[in-house]
Amino acid sequence: MKEAIVKKDTSVDIVDSPIPNPGPGHVLIKVIVAGSNPKDWKLPIVIGREMNTGDDVAGIVEDVGEGVVGFHKGDRVAAFHEMFALHGAFAEYAIAPYYTTFHIPDSTSYEEAATIPLAAYTSVCALFQELELPEPWSPLAKAAGKEDTRRPLIIYGASTATGAFAIKLAAAANIHPIITVGSKRSEFIKPFLDESKGDILIDYTAYPTDEELIKAIQKALMNGGAPDGRCWKVFDTVSEDETIRLITKAIAGPPDASGRKPKLTNILLKTEVADSDPSVDIVISKVGQVHSEDENDKLIGVTWSAAFARGLREGWLTGHPYTMGENGLEGLSLGLKSLKDGKIRAQKFLTRLNETPGASD
């Protein structure tokens, strides 16, 4: 099979590799479309290892390993490949754990499905693990929908895939008001915001200074009915020092009667940022936890795989905007460089494997 090895300079070697065999608890997927993420060009630089870095898979189950339940040859699926592991998405066949693989309905294209896995799981870990918000099926979420409970949430980075999926998942869990910060590129997310419940998209480019943007966020919280105008939960999907500093200042304040402090979670492993407000806890979200050996962490994958499949059927989960590369794996390097250089923004870069010269039909 054809497989792409991503090098430190973001160039790509296309090699011939044997089709892998699925081990216990894993599925072999014939890849129709592979999705890309910023980490795909960063990883060879950070770990000093050139490899097939793809983790977003959409395709057809070819084989299953021992102990796999719920999947059979011929099933249409999407999957989150285990990061750092062999047999990633940038190949004609990929391996993924069954517990981070989910069925996709006929109404969902492989392109749409390939935009979902890693980013959606990242948002799951941020919202429902680190921030401890109630999942859509919990009694608290159901009651919030009936009683119009206000449980404010700030999501910084509405144009990012993780930010967009966080908005969709929060809305499904009746979490409102959702105060999300983005730009004109974020307009695609508006259908998932409920203005009647205080949800709003704030265009950060409309505010010349951080102070003005902070005031706009705080005003949106008040207008959205946040109790006492306070927000205790933030997901910063951009996770740069400047965004963390800004958001901590927007939610700064004393702890509540129980001692709870406002909390901001990020995905770039930052726990301390100079000049951030000390009244806010800064924590990190690690999507890799769904692939840990801890059986409870694996349950996160299994549970949300079922939820993703249901969300696609019911329409509350949709894919992310994307741009399609040309010539299969031969166009991968250009796509990764475009991600690196910021030429592709607010979109996923996708690769259709059968367009690779020399690939099997």
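The first residue of the sequence shown is numbered 1, and numbering continues consecutively from there. Heavy-atom basis, side chains included; hydrogens, waters and symmetry copies ignored. Since we're looking at a predicted model, the values are computed, not measured.
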- Do the non-hydrogen side-chain atoms of Arg185 and Gln347 ever get within less than 4.5 Å of each other? no

- Query: Ala220 and Ile202: which non-hydrogen atoms are nearest, and at how many Å?
  - Reply: CB-CD1, 4.0 Å

- Message: In this structure, would Val12 and Val31 fall into the same cluster of hydrophobic residues linked by side-chain contacts under 4.5 Å?
- Response: yes

- Message: Using a 3.5 Å distance criterion without hydrogens, assess whether the side chain of Asp199 forms a donor-acceptor pair with backbone atoms of Ile178.
- Response: yes

- Side chain of Lys233, backbone of Leu131: donor and acceptor closer than 3.5 Å? yes

- Query: Under 4.5 Å between any side-chain heavy atoms of Leu28 and Pro20, yes or no?
  - Reply: yes

- Decide salt bridge (Lys or Arg N to Asp or Glu O under 4.0 Å) for Asp256 and Arg260; before the verdict, give the C-alpha distance in whole Å, the side-chain angles of both, and the deciding distance to 0.1 Å. CA-CA 5 Å; Asp256 66 10; Arg260 176 184 62 155; 2.9 Å; yes

- ILVMFWY network linking Leu133 to Phe192, side-chain heavy atoms under 4.5 angstrom: yes

- Examine distances only and state if a side-chain atom of Thr356 and a backbone atom of Leu329 form a donor-acceptor pair shorter than 3.5 Å. yes

- Message: Would you say Gln129 and Ser285 are linked by a side-chain donor-acceptor pair, where the criterion is simply a distance under 3.5 Å?
- Response: no

- Is atom CD of Glu195 surrounded by more than 12 heavy atoms (other residues, nucleotides or ligands) closer than 6.0 Å? no

- Item | Heavy-atom check, side chain of Ser239 versus side chain of Lys270, under 4.5 Å | no

- Would Leu350 and Tyr121 show up in the same hydrophobic cluster when neighbours are defined by side-chain heavy atoms closer than 4.5 Å? yes

- Where the side chain of Thr248 meets the backbone of Ile244, is there a donor-acceptor pair that is under 3.5 Å apart? yes

- Item | Short side-chain donor-acceptor distance under 3.5 Å, Thr209 and Glu212 | yes

- State, without any angle test, whether Tyr110 and Arg352 hold a side-chain donor-acceptor pair at a distance under 3.5 Å. no

- Query: Salt bridge check: are Lys197 and Asp148 linked by an N-O gap of less than 4.0 Å?
  - Reply: no

- May I ask whether Leu334 and Met324 are part of the same hydrophobic cluster, defined by side-chain heavy atoms of I, L, V, M, F, W, Y residues being less than 4.5 angstrom apart, directly or through others? no

- Going by heavy atoms in the side chains, are Cys231 and Ile179 under 4.5 Å from each other? no

- Should His176 and Asp194 be marked as a side-chain hydrogen bond (donor to acceptor under 3.5 Å, both in side chains) after you check the CA-CA gap, both sets of side-chain angles, and the distance that decides it? CA-CA 8 Å; His176 301 286; Asp194 188 341; 5.2 Å; no

- Message: Using 0.5 Å steps for rounding, measure from the CG atom of Leu339 to the NZ atom of Lys42.
- Response: 10.0 Å

- Determine, step by step, whether Phe102 and Trp304 satisfy the ring pair (Phe, Tyr, Trp, His ring centres under 6.0 Å) criterion, reporting the C-alpha distance in whole Å, the side-chain angles of both residues, the deciding distance to 0.1 Å, and the verdict. CA-CA 9 Å; Phe102 53 97; Trp304 277 97; over 10 Å; no

- Does the pair Asn37 and Asp56 meet the rule for a side-chain hydrogen bond (donor to acceptor under 3.5 Å, both in side chains), with working shown? CA-CA 8 Å; Asn37 297 278; Asp56 280 334; 3.0 Å; yes

- Taking the side chain as every heavy atom from C-beta outward, state whether Pro227 and Pro152 have any atom pair closer than 4.5 Å. yes

- Task: State whether the side chain of Thr180 and the backbone N or O of Ile167 hold a donor-acceptor pair below 3.5 Å, judged by distance alone.
- Result: no

- Message: What's the separation between atom OH in Tyr207 and atom CG in Leu213, rounded to the nearest 0.5 Å?
- Response: 7.5 Å

- Hey, are Lys249 and Asp275 close enough for a salt bridge, meaning a charged N less than 4.0 Å from a carboxylate O? no

- Task: Determine whether the side chains of Asp297 and Ser292 contain a donor N or O and an acceptor N or O closer than 3.5 Å.
- Result: yes

- Query: Hey, any chance Trp232 and Ile247 share a hydrophobic cluster, counting ILVMFWY side chains that come within less than 4.5 Å of each other, even indirectly?
  - Reply: no

- Message: Could you tell me if Ser186 and Ser159 have a donor-acceptor pair between their side chains, going purely by distance under 3.5 Å?
- Response: yes

- Message: Could you check whether Lys8 pairs with Glu50 (Lys NZ or Arg NE/NH1/NH2 to Asp/Glu carboxylate O, under 4.0 Å)?
- Response: no

- Rounded distance (nearest 0.5 Å) linking atom CE of Met222 with atom CZ of Arg230: 12.0 Å

- Please say whether more than 12 non-hydrogen atoms of neighbouring residues, nucleotides or ligands are located less than 6.0 Å from CD in Glu314. yes

- Asp228 CG: over 12 foreign heavy atoms closer than 6.0 Å: no

- Item | salt bridge (Lys or Arg N to Asp or Glu O under 4.0 Å) between Asp210 and Arg245, worked out | CA-CA 10 Å; Asp210 286 353; Arg245 275 194 291 268; over 6 Å; no

- Answer yes if the side chains of Asp63 and Asn21 hold a donor-acceptor pair under 3.5 Å, and no otherwise. no

- Item | Inter-residue atom distance Ile175.CD1 - Leu169.CG, 0.5 Å rounding | 9.0 Å

- Point-to-point distance, once rounded to the nearest 0.5 Å, from OH of Tyr99 to CD of Glu82: 6.0 Å

- Between Phe308 and His103, does the ring centroid distance fall short of 6.0 Å? no

- Query: Would you say the side-chain atoms of Thr318 and Lys168 include a donor-acceptor pair closer than 3.5 Å?
  - Reply: yes

- Message: If we count only N and O atoms by modelled type, under 3.5 Å, do the side chains of Asp236 and Thr243 hold a donor and an acceptor together?
- Response: yes

- Do Val77 and Ile60 have side chains that get closer than 4.5 Å, going by heavy atoms? no

- Item | Side-chain donor or acceptor of His26 paired with backbone N/O of Pro24 under 3.5 Å | yes

- Heavy-atom pair of closest approach, residues Phe71 and Val64: O-CG1, 3.6 Å

- Message: Is there a side-chain contact between Lys298 and Val290 in this structure, where contact means two heavy atoms from C-beta onward sitting under 4.5 Å apart?
- Response: no

- Donor-acceptor contact below 3.5 Å, side chain Asn327 vs main chain Gly331: no

- Item | Reported OG-to-CZ distance for the pair Ser183 and Arg345, which is rounded to 0.5 angstrom | 7.5 Å

- Message: Is the shortest side-chain heavy-atom distance between Val33 and Leu353 below 4.5 Å?
- Response: no

- Item | Donor-acceptor under 3.5 Å (Lys348 side chain, Ile116 main chain) | no

- Query: With a 3.5 Å cut-off and no angle check, do the side chains of Trp137 and Glu135 form a donor-acceptor pair?
  - Reply: no

- Task: Tell me yes or no: between the side chains of Ser123 and Thr162, is some donor less than 3.5 Å from an acceptor?
- Result: no

- Message: Please evaluate residues Glu3 and Asn52 with respect to the criterion side-chain hydrogen bond (donor to acceptor under 3.5 Å, both in side chains), reporting the C-alpha separation (whole Å), side-chain torsions for both, the decisive distance (0.1 Å), and the verdict.
- Response: CA-CA 7 Å; Glu3 181 175 21; Asn52 174 350; 3.1 Å; yes

- Please answer whether the main-chain N or O of Phe84 pairs with a side-chain N or O of Arg49 as donor and acceptor at a distance below 3.5 Å. yes

- Message: Could you check whether Glu130 and Thr265, counting side-chain N and O atoms only, form a donor-acceptor pair closer than 3.5 Å?
- Response: no

- Item | Short side-chain to backbone donor-acceptor contact, Asp40 and Leu43, under 3.5 Å | no

